[in-house]
Amino acid sequence: MKDLSAISQDLFDKIRGRFPSVTIGDEEGNITNEPKEARYFDFDYKSGDRKLGKVSISISDDNNLSVIYSRDFIQTEDEMTQETWYDFLKDMRRFSKKRLLNFDVRDINKTNLTKRDYKFLATNRYGDGTMTESKLYGTG
């Protein structure tokens, strides 16, 4: 298992360097002030002084970094703005691959995730769930 506290601190520093207002949440979905405990990062993506929309990034225990954004986030923007968005995604992908994490991009219809959404994501993670096995029949 990777040291997620060091990865979340690095990710917080990377995001905070470009976007000044970042809301972070821990693995239970509660808002926290400690970047090492953060597993969810929520911020307004800005191009210059214009706010384009909300972006959420999550780090999960199954070594996955997910970028979640609104579906119509960048479609109406000019080519230069779209290029900076795709450069941001490439930068996040490089960040995750450098730390041996899987990279996932999800587009959703909601414009803003709530605290309830973070709690839902925290409880419904991929990974080890309950497994049932049955008795095997046949010959070996």
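For K98, there are no side chain to side chain contact (heavy atoms under 4.5 Å, CB included) partners at least two apart in sequence or on another chain. In this structure, the side chain to side chain contact (heavy atoms under 4.5 Å, CB included) partners of S96, at least two apart in sequence or on a different chain, are L65, L101, F103. Under the rule for a ring-ring contact (aromatic ring centres under 6.0 Å, His included), the partners of F43 that lie at least two apart in sequence or sit in another chain are F19. Among residues two or more places apart in sequence or in another chain, the side chain to side chain donor-acceptor pair (under 3.5 Å) test is passed with N102 by none. With sequence neighbours left out, D87 forms a side chain to side chain donor-acceptor pair (under 3.5 Å) with no residue at all.
Once rounded to the nearest 0.5 Å, the distance linking OG1 of T84 with CG of L89 reads 10.0 Å. Between atom CD1 of residue I74 and atom OH of residue Y69 there is a gap of 9.0 Å, rounded to the nearest 0.5 Å. Rounding to the nearest 0.5 angstrom, the gap separating the CG atom in L11 from the CG atom in L4 is 11.0 Å. Atoms CZ and CD, on F12 and E37 in that order, are 12.5 Å from each other to the nearest 0.5 Å. Taking OG from S21 and CZ from R16, the interatomic distance works out to 8.0 Å, rounded to the nearest 0.5 Å. The structure places CD of E28 at 9.5 Å from OH of Y40, a figure rounded to the nearest 0.5 Å.
Between I24 and A38, the shortest heavy-atom contact is CB-CB, 3.8 Å.
Looking at R39 and S8, their side chains come closer than 4.5 Å, going by heavy atoms from C-beta outward. The closest side-chain heavy-atom distance from V55 to W85 is below 4.5 Å. In this structure, the side chains of I68 and I57 stay at 4.5 Å or more apart for every pair of heavy atoms. Counting heavy atoms from C-beta on, the side chains of K46 and L52 never come closer than 4.5 Å. Side-chain contact between S66 and N64 is present, with heavy atoms from C-beta onward closer than 4.5 Å.
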Worksheet item: Can you check side-chain contact (heavy atoms from CB on, under 4.5 Å) on M92 and V105, steps first, answer last?
Response: CA-CA 10 Å; M92 288 293 107; V105 178; over 6 Å; no
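Although no hydrogens or angles enter the test, the distance criterion places no donor-acceptor pair under 3.5 Å between the side chain of S56 and the main chain of D42.
Around atom NZ of K97, more than 12 heavy atoms belonging to other residues, nucleotides or ligands sit under 6.0 Å away.
Annotation: cation-pi geometry satisfied between R99 and F95 (NZ/CZ under 6.0 angstrom from ring centroid, within 45° of ring axis).
Using a 4.0 Å cut-off between charged nitrogen and carboxylate oxygen, D104 and R106 count as a salt-bridge pair.
Each side chain to side chain donor-acceptor pair (under 3.5 Å) pair with one or both residues in residues 73-83, not counting sequence neighbours, appears once here: R50-E77, D78-T81.
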